[in-house]
Amino acid sequence: MNIKPILSLFLLAFSISSFAQKAPLQKVTSPYFKLVRPEFDGDLAYETVAFVEQYWRIAGNTGFNNTVFLIAEKLEAAGYVLEEKATDADRFTYRIETRDMRQPTWEPVSASLKIVDSNENLLSSETNRNMIYQYSSSTPSEGISAEVIYIKSKEALSSLDLTGKILFSDQVGYRTLQAVVNEKGALGVLTYDMPAYLQPEKNTTSIQFRGLRYDAANPAWAIALSFEAKEKLKAELAKGKVKLLVKAETKIYESEELTVVANVKGSELPLESLVFSAHIQEPGANDNATGVGTQLEMASITTDLIQQGKLDLKRTLTFLWGDEIISTRRYIEEKDKREADINWGISLDMVGENTDITGGTFLIEKMPDPSAIWTRGEDKHSEWGGSPMTVEQMKPHYLNDFILTNFEAQGEYADWVVKTNPFEGGSDHTPFLQADIPGLLLWHFTDQFYHTDNDRLDKVSQKTMQNVGTAALVSAFTLLNADAKTVDHMIAMIIAKASVRLITENQLSKKAIAAGGSKEEEQKILDTWTDYYERTMDSIKDLVPADDEKTLRKITLAKAAIKAQVPQL
């Protein structure tokens with residue numbers, strides 16, 4: 001192989017790295033940013049969040065289904081046609097899939113917890129809608145009045161008379177307590193369990209939602225307490241015997257699971273697609289009404305731009321709304337229900353936070369790369385956390401750096417902070433990766449109101465949804481219309497990103513060795529990153545025909561340029 005082109009690329013890499021920081025992919029993405037920024041005002045996203053977050057949502061219940069119907073209404077207003085009514089000429093279509101559910105759905109109606117003879121409630125669902133465990137049964141309409149017993153340990157359960165009592169603990173988990181409800185005749189359970197990152201001593205009224213396993217033969221109820229309610233109850237117990245009045249009304253009923261799938265059919269390569277996925281279930285505003293609303297505005301803007309003649313998409317764009325992970329996995333697996341193969345998958349989950357209030361940072365959760373094995377330097381996991389990964393679990397692909405580059409461009413434009421975290425899993429990007437489809441997550445963390453009943457509309461930022469939606473659409477449009485010009489810029493971007501990463505990792509490795517670390521281990525880290533970026537370069541081939549020899553030669557030379565940069569310690 002002629003070494004001169006390799007050396008030229010190698011020498012160019014450092015100047016490219018500067019380019020990558022200042023003008024990433026600018027020539028191919030700038031036209032799309034100019035199209036989308038004036039269109040994406042966030043109004044539809046915010047209005048949708050305001051509608052959706054008023055409901056406590058799980059698959060099949062009133063709030064979930066009303067959200068589906070709203071999405072369908074807005075899609076039709078944007079020009080999407082119901083599939084069963086569509087003709088071959090209709091590029092914008094949608095469908096609502098219905099599925100049998102393995103168990104009934106559930107929704108809360110009202111609940112209250114009161115110390116007998118007290119003038120005020122310890123808790124009320126009017127202000128704490130997460131207080132009653134998911135799939136709790138109802139109490140009698142007049143409520144249940146009984147003595148409450150504090151359980152300080154698992155061992156205490158065997159020595160206490162629990163018959164006719166309400167169990168309360170901030171030390172013993174619900175499942176342990178529930179096991180003795182049936183065995184020893186207890187009436188129900190009160191629990192307290194709030195992770196430190198939710199700052200419960202500051203957010204004293206927050207309750208993080210909890211759930212029971214549905215068991216039709218053994219109906220049960222359980223109440224989760226806020227820090228404030230827990231402290232008040234313990235203070236009363238310290239004085240002596242406490243009797244509580246518990247009222248809970250819930251609905252458990254047969255239903256269907258609904259999923260919305262909307263497609264913008266590609267004009268040239270309709271059998272290739274990018275899929276955005278946003279889950280409807282979970283009762284919060286940021287989680288995940290913001291994903292639902294942001295994605296809905298993205299779908300509306302896309303059709304509007306195409307109808308105005310300002311945009312065309314060569315490949316197919318799909319928007320999916322449903323039950324987290326379940327709907328996405330099903331869409332991937334049921335190939336007979338979709339025409340297009342899936343080239344890329346992107347999950348929108350908690351994408352609208354007002355970070356001044358929530359404390360969360362906008363994050364792009366990357367596909368597995370070596371930072372998920374060796375998390376160091378500026379890389380760090382969220383408080384959600386991730387299990388250590390192996391070299392074999394890596395998913396080298398240009399999608400990581402491509403998406404980050406576009407979001408950083410929007411961040412610079414809008415003075416908006418964009419960060420990343422190594423792969424952790426737990427949302428709609430996971431089924432894509434499990435199916436060997438490039439997929440990543442757009443989200444926020446840490447959020448001091450995560451999964452709590454204080455995750456409401458006042459914690460949502462319309463501007464954040466505007467930023468996320470803009471960068472996500474620009475990324476999608478660029479990939480869906482990718483051609484040889486796009487590939488040239490992608491190659492340059494990956495060389496530059498590899499150069500920056502290898503320089504950074506080399507510096508970290510030298511510090512580690514100076515501190516007594518293993519030279520062999522540090523060289524393994526550098527070699528793994530090099531291999532990762534070589535294989536990432538190979539992934540660019542999916543943007544061009546297999547017989548595009550010119551592009552394939554460029555990729556081969558670019559891989560050699562990356563390999564030439566690997567430092568030897």
Side-chain angles (χ1 to χ4, degrees), residues 29 31-49 51-52 67-68 70-80 91-94 260-266 273-280 286 288-308 310-313 315-322 328 331 342-352 362 364 403 406-407 409-410 414 416 427-429 439-443 460-481:
T29 59
Y32 297 122
F33 274 118
K34 289 178 181 178
L35 271 182
V36 175
R37 281 172 178 154
E39 298 287 333
F40 208 118
D41 56 25
D43 288 348
L44 177 57
Y46 191 82
E47 291 166 7
T48 302
V49 173
F51 175 88
V52 174
T67 299
V68 166
L70 175 72
I71 292 168
E73 175 189 325
K74 298 299 183 182
L75 287 174
E76 291 206 359
Y80 290 83
R91 288 188 66 185
F92 318 130
T93 61
Y94 80 95
V260 185
V261 181
N263 287 306
V264 178
K265 189 175 182 179
S273 72
L274 183 148
V275 178
F276 284 113
S277 182
H279 62 87
I280 297 172
N286 276 308
N288 183 37
T290 56
V292 171
T294 302
Q295 186 167 283
L296 187 56
E297 185 159 343
M298 290 162 60
S300 177
I301 287 171
T302 300
T303 57
D304 186 49
L305 289 172
I306 293 175
Q307 288 167 338
Q308 291 183 54
K310 296 179 179 180
L311 173 73
D312 190 24
L313 296 178
R315 298 172 176 87
T316 296
L317 178 57
T318 297
F319 299 96
L320 177 69
W321 294 266
T328 303
Y331 180 81
I342 305 170
N343 298 60
W344 312 275
I346 298 174
S347 170
L348 285 83
D349 186 354
M350 301 168 61
V351 294
F362 174 75
I364 298 169
I403 295 293
N406 293 329
F407 274 77
Q410 180 64 15
W416 174 52
S427 192
D428 281 308
H429 59 314
L440 46 70
L441 169 67
L442 310 177
W443 72 316
V460 171
S461 165
Q462 184 168 335
K463 184 66 177 177
T464 299
M465 291 189 288
Q466 183 181 19
N467 285 327
V468 173
T470 296
L473 270 186
V474 168
S475 299
F477 294 167
T478 304
L479 291 175
L480 293 167
N481 284 338

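Values below: every heavy atom of this structure, side chains too, minus hydrogens, waters and symmetry copies.
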Inset, instruction - Under the side chain to side chain contact (heavy atoms under 4.5 Å, CB included) rule, what do Ile71 and Tyr94 come out as? Steps first, then yes or no, please. - result: CA-CA 10 Å; Ile71 292 168; Tyr94 80 95; over 6 Å; no

Taking [Y]'s backbone N and O only, do any of them form a donor-acceptor pair with [X]'s side chain (distance below 3.5 Å, no angle check)?
{"X": "Arg91", "Y": "Lys265", "answer": "yes"}
{"X": "Thr303", "Y": "Ser300", "answer": "yes"}
{"X": "Arg315", "Y": "Leu479", "answer": "yes"}
{"X": "Thr318", "Y": "Asn263", "answer": "no"}
{"X": "Tyr331", "Y": "Val275", "answer": "no"}
{"X": "Gln410", "Y": "Val468", "answer": "no"}
{"X": "Asn288", "Y": "Ile280", "answer": "no"}
{"X": "Glu297", "Y": "Ala45", "answer": "yes"}
{"X": "Asp428", "Y": "Leu348", "answer": "no"}

Nearest 0.5 Å, please: how far is [atom2] in [Y] from [atom1] in [X]?
{"X": "Leu317", "Y": "Leu274", "atom1": "CG", "atom2": "CG", "result": "6.0 Å"}
{"X": "Ile364", "Y": "Ser475", "atom1": "CD1", "atom2": "OG", "result": "8.0 Å"}
{"X": "Thr470", "Y": "Phe33", "atom1": "OG1", "atom2": "CZ", "result": "8.0 Å"}
{"X": "Gln295", "Y": "Leu473", "atom1": "CD", "atom2": "CG", "result": "10.0 Å"}
{"X": "Asn406", "Y": "Phe477", "atom1": "CG", "atom2": "CZ", "result": "12.5 Å"}
{"X": "Leu320", "Y": "Phe276", "atom1": "CG", "atom2": "CZ", "result": "12.0 Å"}

Write down the atom of [X], the atom of [Y], and the distance for their closest heavy-atom approach.
{"X": "Gln462", "Y": "Asp43", "answer": "NE2-OD1, 2.7 Å"}
{"X": "Thr290", "Y": "Val49", "answer": "CA-CG2, 3.6 Å"}
{"X": "Lys310", "Y": "Leu35", "answer": "O-CD1, 3.5 Å"}
{"X": "Asp41", "Y": "Gln466", "answer": "CA-NE2, 3.8 Å"}
{"X": "Asn481", "Y": "Leu313", "answer": "OD1-CA, 3.3 Å"}
{"X": "Trp344", "Y": "Leu480", "answer": "CZ3-CD2, 4.2 Å"}

Do [X] and [Y] come within less than 4.5 Å of each other through their side chains, counting heavy atoms only?
{"X": "Phe319", "Y": "Val260", "value": "no"}
{"X": "Phe40", "Y": "Thr294", "value": "yes"}
{"X": "Leu70", "Y": "Val292", "value": "no"}

Inset, instruction - Go through Thr464 and Val351 one step at a time and tell me if the side chain to side chain contact (heavy atoms under 4.5 Å, CB included) criterion holds. - result: CA-CA 7 Å; Thr464 299; Val351 294; over 6 Å; no

Inset, instruction - Step by step, work out the side chain to side chain contact (heavy atoms under 4.5 Å, CB included) result for Leu442 and Phe362. - result: CA-CA 8 Å; Leu442 310 177; Phe362 174 75; 4.2 Å; yes

Legend entry - Mutual orientation of the aromatic rings belonging to Trp416 and Phe407 [parallel < 30°, tilted 30-60°, perpendicular > 60°]: tilted

Inset, instruction - Applying side chain to side chain contact (heavy atoms under 4.5 Å, CB included), run through Trp321 and Leu296 and close with a yes or a no. - result: CA-CA 9 Å; Trp321 294 266; Leu296 187 56; 4.1 Å; yes

